[in-house]
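Both counts, for ligands and for their atoms, begin at 1 and track the order of listing.
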Amino acid sequence: MSLQAESADSYTGLLSKDLPTEADRLRLLEKVYDAGTTEVLGKVGIEPDWNCLELGAGAGSIAYWLADRAPQGRVVAVDIDPRFIDAGYAPHLTVSSADITTEDFPDGSFDLIHARAVFMHLPRREEIVERAVRWLAPGGWLVLEDVHFLPAADSPYPAWQQVNGGWLAALAAQGIDLSWARRIPATLSGAGLDRVDVSVTPGGLGVDPVQDELLRIRMVQSGQSLIDAGLATADQVAAARALVESHPAPDVSTFVYSSWGQKPAA
Ligand SMILES: C[S@@+](CC[C@H](N)C(=O)[O-])C[C@H]1O[C@@H](n2cnc3c(N)ncnc32)[C@H](O)[C@@H]1O
């Protein structure tokens, strides 16, 4: 398996949807993060007639949530590979297969645009933020969420330092920016949005049982690839798996930055 970035689709290699555990991993991700996301979207306040765009919709939970809250509007869910999204969920939900680094929408066509754990995967992400701002109607909201990873070497668990460090190195080699999340609020402001704000959700090893299950699946999914790429040994992977399964005292190593801003009224 190549761990090198090949295209605008960094969603390959360790994160390929052809891997047998990827659907489960994406659904666990939803289980971990949907509560925080829906709280932020609730602050923005979705109106029943809003037109919403969900970028990089993954396994679809937030697109479905938006469809439930905007029954007189419409929801467009875009993903470069939408195979896990149920296009029949609601008549006003459109599921579209597209690369958001090149896809375009008419100016002013959405009241809300949301993406979670997507922009960190994209090249030229600031440019895509500017395009997304164009797609917003005056008064519309852009909500971006991404994960900021702390350095693996600082983990209190030696078994985690090497294996998590290998995983982060593999993601970086796939073109994923592990610290872009921190720049989101300033980027939204620089792109002309008002009322920019942020909330942050901690995550990591031992933080709660669902996060540990997400990390366990990640280990199952990536362990052999890390060994093959020389990023960890089989013993280190086995020790890291045992550590995750022991639900250790928390080692907070990620922060999900949820940031939002509003396009000025015309
Ligand atoms: C980590 S998953 C997050 C899924 C979902 N947003 C969530 O948080 O549950 C990233 C998603 O972005 C999609 N993606 C990555 N690059 C993309 C691109 N260039 N255009 C559209 N979708 C992309 C992937 O296919 C994947 O479904």
- Message: Take a 6.0 Å sphere around CZ of Arg182 and say whether it holds more than 12 heavy atoms from other residues, nucleotides or ligands.
- Response: no

- atom 25 (O) of ligand 1: of Asp81, Ile176, Ile128, Asp79, the nearest heavy atom sits on Asp79

- Query: Does Lys17 come within less than 4.0 angstrom of ligand 1, counting non-hydrogen atoms of the residue?
  - Reply: yes

- Among Leu150, Leu168, Thr254, which residue meets the side chain to side chain contact (heavy atoms under 4.5 Å, CB included) test with Leu178? Leu168

- Counting distance only, does the side-chain N/O of Lys17 pair as donor-acceptor with the main-chain N or O of Asp81 below 3.5 Å? yes

- Query: Given Leu26, Thr102, Asp99, Thr37, which has its nearest heavy atom closest to atom 19 (N) of ligand 1?
  - Reply: Asp99

- Task: Could you tell me whether the side chain of Glu30 reaches within less than 4.5 Å of the side chain of Arg116, counting heavy atoms only?
- Result: yes

- Any Ala98 heavy atom less than 4.0 Å from ligand 1: yes

- Query: Does Leu122 have a non-hydrogen atom less than 4.0 Å from ligand 1?
  - Reply: yes

- Message: Is it the case that ligand 1 has an N or O less than 3.5 angstrom from some N or O of Leu55?
- Response: no

- Message: Taking 4.0 angstrom as the limit and counting only heavy atoms of Glu30, give me the atoms of ligand 1 inside it, by number and element.
- Response: 9 (O)

- Message: Please determine whether the number of non-hydrogen atoms from other residues, nucleotides or ligands lying under 6.0 Å from atom CD of Glu126 exceeds 12.
- Response: yes

